[in-house]
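Below you'll find the structure, written out as structure tokens, and then a few comments.
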There are 2 protein chains.
Amino acid sequence: MPVTPAAPDSPPAGRARLADVAALAGVSVGTASKALNGAGRMRPETRQRVLDAVAQLGFSPNQHAQSLHTGRSWTVGLMTTDGIGRFSTPVLLGAEDALGAGKISVLLCDTRGDAIREQHHLQNLMDRRVDGIIVTGRRTDPRPPLPGVEGIPVVYALSPSTNPTDTSVVTDDRGGARLAVEHLVATGRTRIAHVTGPQHHAAARERARHTVEQLQAAALEPSTGRIHHGEWSEAWGRRATEAVLRTAPDTDAFFCGNDQIARGVTDALRERGVTVPDDMAVVGYDNWDTMALASRPPLTTIDMNLSEIGRIAALELLRAIDTEPRPGAHTVPCRLVVRESS
Amino acid sequence: MPVTPAAPDSPPAGRARLADVAALAGVSVGTASKALNGAGRMRPETRQRVLDAVAQLGFSPNQHAQSLHTGRSWTVGLMTTDGIGRFSTPVLLGAEDALGAGKISVLLCDTRGDAIREQHHLQNLMDRRVDGIIVTGRRTDPRPPLPGVEGIPVVYALSPSTNPTDTSVVTDDRGGARLAVEHLVATGRTRIAHVTGPQHHAAARERARHTVEQLQAAALEPSTGRIHHGEWSEAWGRRATEAVLRTAPDTDAFFCGNDQIARGVTDALRERGVTVPDDMAVVGYDNWDTMALASRPPLTTIDMNLSEIGRIAALELLRAIDTEPRPGAHTVPCRLVVRESS
DNA sequence: CTCGTCCAGGAAAAGGTTTGCCCGTGACTC
DNA sequence: GAGTCACGGGCAAACCTTTTCCTGGACGAG
């Protein structure tokens, strides 16, 4: 006695396949596909029958089958060079948002700054045939390009590639310094000190350089005659305050390389009885809310528009995928956020 | 004249396929596959020939084809309920790390707290046939379970599901309160105040409740006779300090619901000339380095081991995928980090 | 009435891998 | 010497969708 075969039209076991939809609509699989994708010509009534079947079965296409066929995975890799920190998070979210609008998902890869891990993740992304890769880091220093990614578009966000023919989206340190200095000058400050992070950080170096430039453009110079490099910490902000006031007691403004330093400065000033903003203006950098808002008074600061950097990186990547990459560094302007410290 | 066909064994255009490997090794595609996966029996020498061909061509299998066939995508979705913040980041990294070890990649979905967006992401994850989903939020309050995820394992991290038959991995508020109170009592404090966040946050409520319990276990009660609920901010910490010292001047320790409040307390104490830890001990919660270390003095605090929560959530998810889910809430113990404020 | 045109929809290949099943050969046993 | 067994390896189906090419029928024009 032969084994009884399953009923030919038994209810599909797991998720509905396109074949189930086609069967229900009484058309062939190919026609069902065309109905869904809008391609091919067919009677509106037929298309509607397919769409009804889709709705009834709760069908949605198997992306693996789609990707296998089309070669596109509708996925991009997001490699974070060095943990996911305060800086990379908004970048990441901006990118995710922009890509999500285009039906593209984000594969997260954290390298923890480890080259081995980076290579491993990269291989994984290639195996998954991602459509592109966004590389971001927690610092703005340039980084060596990803090795061995021929044929797949890459965009560097926040930390540009050292290769100028790669596409990078970076912050506008020059514009940030200009916004801060122009704001201070416009509000009547002339004896401006600059306290910032370690010299081996590009962010500190660049901002310092452009700060001096901007001061010169206003026929000014740093109140202490030099840049105060140190750490990105409140403690350094406090120490630097003492140093600055000892050297140049007539200083009337601090422009700080980040909000932590700025907060240290305001604390030190308050403890010395210097009132902000009346006796002294303080401007920070980063617009890191937990620092800028908790500071007393809340800090005027420069916002790098990090999520915009992520968004633009995503858009550049989409362009590179669909048409042509636009090589070079694309800068995203900063924004001055005025609060009560200036 | 007929068009010249491409040479039958022309160098493969894009990436090598298994067929190319098989051809080079002089075996069939099926055999090549078996050689790679260790399955099937074959002469070691044949297997080696295949492996050599793989190395020579730099072959790695097309994951879409694999997934299409096996139904497994080696991908899990990570849905963050409410942005990616201070709390979800370590959870996320812990999960990514644990999953990466198992060749599984993480698809990032940020819902921004929007139910529509959540549904949209969820559909996307289902279409991609993810093997499982981790849901995390930025608060510890329970959240309603993900709708319509029948047949796919879900683990909730940090914010448990309101459905007790779901698998959740949560922080141990009770243990955290116990660690803090026992530490304070062990160092001779008896007049302990508790200042924390808003009552409508589970984290504040739970920690407060267990703090009172633990004090009672030591035959103590809050120095002010009550819990001080407010905001999770430094400003509230400063205000609360005044209130506590007015009500109960003999208070000798503050246990705070988070590090921001604790930092506000230390600031207020210093400004009143109360020295920490000699006159007053202060213990925070979260071990948020930018707060705990920048505080003066650095804070003794409770670390929730967030990345461990992420790691365990990932392991529970792997278990649910491979074998059986373990329903219920799994708590991850906290850790006391002693610094100079106690 | 016949031929040509156009249109709706079907058939089938392709995309790359896994895996169950089968077969041929060489060796071993009785 | 014949039958059996085990081992190495090939064949082909299956996973699901897209897309190109093709066919049959209907309709219009001459």
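Just so you know, these numbers come straight off a predicted model, no measurement behind them. Letters go in sequence order (proteins before strands), and every chain restarts at 1. The analysis underlying the following values was restricted to heavy atoms, covering all of them including side chains, and did not include hydrogens, waters or symmetry mates.
- Nearest heavy-atom pair, A:E96 versus B:C109, reported as atom, atom and distance to 0.1 Å: OE2-CA, 3.4 Å.
- Side-chain N or O atoms of B:T46 include none that pairs as donor or acceptor with a backbone N or O of B:M42 at under 3.5 Å.
- Atom pair B:R129:CZ and D:dC16:P shows a separation of 8 Å (rounding to whole Å applied).
- Not one side-chain nitrogen or oxygen of B:Q66 sits closer than 4.0 Å to the OP1 or OP2 atom of C:dG16.
- Taking atom CD of residue A:Q48 and atom P of nucleotide C:dA8, one finds them 16 Å apart after rounding to whole Å.
- Atom CZ of B:R15 is separated from atom C1' of C:dG15 by 15 Å (rounded to the nearest Å).
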Restricting both atoms to N or O, compile the protein contacts to nucleotides 25-27 of chain C shorter than 3.5 Å, with distance only.
none

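- Classification of B:D114 and B:R112 as a salt-bridged pair fails, no side-chain N sitting under 4.0 Å from a carboxylate O.
- Across every non-hydrogen atom of A:R128 and B:K103, the tightest pair is NH2-O, 3.8 Å.
- Across all non-hydrogen atoms, the minimal contact from A:S73 to A:V130 is OG-CA, 3.4 Å.
- Residues A:R72 and A:D322 are paired through a salt bridge, judged by an N-O separation under 4.0 Å between the basic side chain and the carboxylate.
- Between the CZ atom of B:F59 and the C1' atom of C:dG16 there is a distance of 8 Å, given to the nearest Å.
- Residue B:R17 places its side chain closer to C:dG16 than to any other of C:dG16, D:dT19, C:dT19.
- A side-chain donor-acceptor contact under 3.5 Å links B:D52 and B:Q48.
- Checked by atom type and distance alone, the side chain of A:R311 never pairs as donor or acceptor with a backbone atom of A:A95 at under 3.5 Å.
- A donor N or O paired with an acceptor N or O is found under 3.5 Å between the base of C:dT18 and the side-chain atoms of B:H69.
- When the side-chain nitrogen and oxygen atoms of B:N37 are compared with OP1 and OP2 of C:dT18, one or more of them lie within a distance under 4.0 Å.
- Distance CG (B:L68) to C1' (D:dT18): 13 Å, rounded to an integer number of Å.
- Judged by distance alone, the side chain of A:S88 and the main-chain N or O of A:R138 form no donor-acceptor pair under 3.5 Å.
- Shortest non-hydrogen contact noted between A:L36 and A:F59 is CD1-CE2, 3.6 Å.
- The NE2 atom of A:H64 sits 14 Å away from the P atom of C:dT18 (whole-angstrom rounding).
- If you take OG1 on B:T140 and CG on B:L158, they are separated by 6.5 Å, rounding to the nearest 0.5 Å.
- Atoms CZ (B:R128) and P (D:dC16) sit 18 Å apart, rounded to a whole Å.
- Atom CZ in A:R72 sits roughly 15 Å away from atom C1' in D:dT18 (whole-Å rounding).
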Protein-nucleotides 8-11 of chain D N/O pairs closer than 3.5 Å?
from: D:dG8; atom 1: O3'; to: B:R43; atom 2: NH2; distance (Å): 3.3
from: D:dG9; atom 1: OP1; to: B:R43; atom 2: NH2; distance (Å): 3.1
from: D:dG9; atom 1: OP1; to: B:T46; atom 2: OG1; distance (Å): 2.7
from: D:dG9; atom 1: OP2; to: B:R43; atom 2: N; distance (Å): 3.0
from: D:dG9; atom 1: OP2; to: B:T46; atom 2: OG1; distance (Å): 2.9
from: D:dG10; atom 1: OP2; to: B:S28; atom 2: N; distance (Å): 2.9
from: D:dG10; atom 1: OP2; to: B:S28; atom 2: OG; distance (Å): 3.2
from: D:dG10; atom 1: OP2; to: B:T31; atom 2: OG1; distance (Å): 2.6
from: D:dG10; atom 1: O6; to: B:K34; atom 2: NZ; distance (Å): 2.3

For this session: Take B:Q63 and A:R129 through the test side chain to side chain contact (heavy atoms under 4.5 Å, CB included) and record every step on the way to the result.
Result: CA-CA 8 Å; B:Q63 287 231 8; A:R129 307 296 195 273; over 6 Å; no
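- Using five terminal pairs a side, the axes of the helix from C:dC1-D:dG30 to C:dC30-D:dG1 at its two ends make an angle of 60°, given in steps of 10 degrees.
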